[in-house]
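When reading the values below, keep in mind they use all heavy atoms of this one structure, side chains included, and skip hydrogens, waters and symmetry mates. Residue numbers start from 1 in every chain, and the chains themselves are labelled A, B, ... in the order their sequence lines are given, proteins ahead of strands.
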Number of protein chains: 2
Amino acid sequence: MVDNLRFLVEQLKAVSHPLRLRVLALLAVGEYCVCQVAEVLQVPQSSVSEALKELRRAGFVRERKEGRWVFVSTTPASEASPLLQGLLAEVAPLPETLQDRTQAEAVKALALPIPCPASKVQHG
Amino acid sequence: MVDNLRFLVEQLKAVSHPLRLRVLALLAVGEYCVCQVAEVLQVPQSSVSEALKELRRAGFVRERKEGRWVFVSTTPASEASPLLQGLLAEVAPLPETLQDRTQAEAVKALALPIPCPASKVQHG
DNA sequence: TCGACATATCGAAACTTTCCGATATATCCA
DNA sequence: TGGATATATCGGAAAGTTTCGATATGTCGA
């Protein structure tokens, strides 16, 4: 149950934005670090950082810090608001949300094992 | 199924606004004419008119013209998008969405038979 | 300590939205 | 037709949002 109107409005504002919704769609697929999100969605890193700030404020995403990387993911279903659950259901099956180019490219971007710098550094 | 990201963003924008969400909450209760909405929510009639324009664009409300009155209601459940259905479920039980004053007053506003000018004119 | 790299914050121009009084349009009834 | 009333649209000032390069902060390994 939502406890007040203003918070619901803030949640809705957080996702009524193309980039933020695309980020949410990507995170519906799995956990990524910030630089992967920027790479897949082809937007400046600062834009991703600001988008994530809003999504965090609204309680839609979680962060896990690991060394110099920040891994982001959607809040677990058990803790997600009904709004978030509904959005994820609508947005997750839309590869078009990921890229503004062709659908084919978007699917490719999703299917690829997006290289995270962290993975290259494991054995240092 | 949503057919594109941009339309979903437009839908979300339409409701990420305090007045528009309050209008939706009121319409979850039933059908009202525009001037009743303005009266209950205590906002200028032009503001209600613009709010309804947005909600209509997003497919959230329907209008029924009857003489000089326009009666508005939420789109029937059978045609409502999943987003609208979810929103109505969250927003309908919130009397606080109706007025910014006290909850008591809000409930009162809801409970009262809000006088519509149309009803006073029936027998002419 | 340094250089490299991941991320956050700042700054400021461009753009969009919000708000509401004034005014236009539409409908009714006499 | 004219006056009353319901609704829509306009105008435009104020406030808010978006965007992204530049820069700051933090973390690592050497």
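Whole-Å rounding puts the Arg64(B) CZ to dT27(C) P distance at 16 Å. The distance between atom CG of Leu19(A) and atom P of dT17(D), rounded to the nearest whole Å, is 16 Å. If you measure from atom CZ of Arg57(B) to atom P of dT9(D), you get 12 Å, rounded to the nearest angstrom. Residue Glu39(A) contributes atom CD, which lies 15 Å from atom P of dC5(C) at whole-angstrom precision. Here the P atom of nucleotide dA6(C) and the CD atom of Glu66(A) are 14 Å apart, to the nearest Å.
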Protein N or O to nucleotides 7-10 of chain C N or O, pairs below 3.5 Å:
residue: dT7(C); atom: OP1; partner: Val34(A); partner atom: N; Å: 3.3
residue: dT7(C); atom: OP1; partner: Val70(A); partner atom: N; Å: 3.0
residue: dT7(C); atom: OP1; partner: Val70(A); partner atom: O; Å: 3.4
residue: dT7(C); atom: OP2; partner: Cys35(A); partner atom: N; Å: 2.6
residue: dA8(C); atom: OP2; partner: Ser49(A); partner atom: OG; Å: 2.9
residue: dA8(C); atom: N7; partner: Gln45(A); partner atom: NE2; Å: 2.9
residue: dA8(C); atom: N6; partner: Gln45(A); partner atom: OE1; Å: 3.2
residue: dC10(C); atom: N4; partner: Glu50(A); partner atom: OE2; Å: 2.9

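Two end axes, each from the C1' atoms of five base pairs, can be drawn for the helix from dT1(C)-dA30(D) to dA30(C)-dT1(D); they diverge by 30°, to 10 degrees.
Arg57(A) is linked by a salt bridge (charged side-chain N to carboxylate O under 4.0 Å, His left out) to Glu54(A), counting only residues two or more places apart in sequence or in another chain. Taking Arg64(A) as the reference, Glu31(A), Glu66(A), Phe71(A) meet the side chain to side chain contact (heavy atoms under 4.5 Å, CB included) condition, with sequence neighbours excluded. Partners of Val34(A) according to the side chain to side chain contact (heavy atoms under 4.5 Å, CB included) rule, which considers only residues two or more places apart in sequence or in another chain, are Val48(A), Leu52(A), Val70(A).
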Protein within reach of the bases, or only the backbone? For nucleotides 12-17 of chain C, mark each nucleotide 5' to 3' as B, S or -, using heavy atoms under 4.0 Å. -----S

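Once rounded to the nearest 0.5 Å, the distance linking OG of Ser78(A) with CD of Gln85(A) reads 9.0 Å. Remark: Thr74(A) OG1 to Leu55(A) CG distance equals 10.5 Å, nearest 0.5 Å.
Counting only distance, with no hydrogens or angles, the side chain of Arg20(B) and the backbone of Ala14(B) share a donor-acceptor pair below 3.5 Å.
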